[in-house]
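What you see below is based on every heavy atom in this structure, not just the backbone, and it leaves out hydrogens, waters and symmetry mates.
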Amino acid sequence: TPQSEDFLAFLERYGFRSLLAMVKGEKPPKQQPAPLLRKESSRATIQVAPLPPQELTKVEELDAWFVNNIGPLAIFVASSEGDMFAPDMWLGSRDGVARLSGRLWQEQTFLKTIKHHLETRAEETVCHGAKDLLHTLAHQSLRLAKVGFDTQIAAYLIEANTAEPSLEDLAKQYLGY
């Protein structure tokens, strides 16, 4: 159940404060300002600068990205953006964003390397629509046993009577983006 200590501890550990408050039946906390502030007259305005994605074209770059980007890992895979032989895959962490080049899927050591990194960090992996993610990866002969957290399932647990929300819908509803 969503009230289990493990689930609540997970939400707290990965910074899902608004979601944690909703599960507990509390009012979500106010959003904290982003660290990038620019002063305008007497009040501060928020200026958010998204991290530019790093295009990974070699397995060595992928290895280095995982080493340099510790902590929770977000994965997004879309077969509709790429093609059936090289789906569009994005990785994100607190420190960086990476897009895997379609050429990586053809490298002989790629599947072994990505599988190692994803399985090593399975507990701290966050995705939206884990079922679709796992099916897309399995189509590429990349089978993962589990992922740590699925925002789509969390949204269902909060409000089961709504249709499957997109990640964009959740960001607008809970984060104001």
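- Note that NZ of Lys131 and OG1 of Thr136 are 11.5 Å apart. Values are rounded to the nearest 0.5 Å.
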Practice task
Assess whether side chain to side chain contact (heavy atoms under 4.5 Å, CB included) is satisfied between Ile75 and Leu91, documenting all intermediate values.
Solution key: CA-CA 5 Å; Ile75 302 174; Leu91 301 171; 4.1 Å; yes
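- Closest non-hydrogen pair, Phe149 versus Ala154, comes out as CZ-CB, 3.5 Å.
- Here CG of Asp63 is found 3.5 Å from NE2 of His117. Values are rounded to the nearest 0.5 Å.
- With sequence neighbours excluded, the residues forming a side-chain contact (heavy atoms from CB on, under 4.5 Å) with Leu144 are Lys115, Leu118, Glu119, Leu134, Leu137, listed by chain and number.
- Residues Ile114 and Phe66 form a side-chain contact, since some pair of their non-hydrogen atoms from C-beta on lies under 4.5 Å apart.
- Between Met89 and Leu104, every side-chain heavy-atom pair lies at or beyond the 4.5 Å cut-off.
- Within a 6.0 Å radius of CD in Glu55, more than 12 heavy atoms belonging to other residues, nucleotides or ligands are found.
- Looking at Lys58 and Glu61, no side-chain N of the basic residue comes within less than 4.0 Å of a carboxylate O on the acidic one, giving no salt bridge.
- Shortest non-hydrogen contact noted between Ala98 and Trp65 is CB-NE1, 3.5 Å.
- Heavy-atom minimum distance, Pro72 versus Arg94: CD-NH2, 3.0 Å.
- Between Thr151 and Leu170 the shortest heavy-atom distance is O-CD1, 3.8 Å.
- Here Arg103 contributes atom CZ and Leu56 contributes atom CG; the two are 11.0 Å apart, rounded to the nearest 0.5 Å.
- To the nearest 0.5 Å, the span separating CG on Leu157 from CD on Gln152 amounts to 11.5 Å.
- Applying the side-chain contact (heavy atoms from CB on, under 4.5 Å) rule to Ser166 yields the partners Glu168, Asp169; only residues at least two apart in sequence or on another chain are considered.
- Within a 6.0 Å sphere centred on OH of Tyr156, heavy atoms belonging to other residues, nucleotides or ligands number 12 at most.
- One finds the CG atom of Leu62 at 9.5 Å from the CD atom of Gln54 (value rounded to the nearest 0.5 Å).
- Here the shortest heavy-atom pairing between Gly96 and Asn69 reads N-OD1, 3.2 Å.
- A 4.5 Å side-chain heavy-atom check between His135 and His139 finds every atom pair outside the cut-off.
- Side-chain N or O atoms of His128 include none that pairs as donor or acceptor with a backbone N or O of Ala74 at under 3.5 Å.
- Here the closest non-hydrogen pair linking Val147 and Ala130 is CG2-CB, 3.7 Å.
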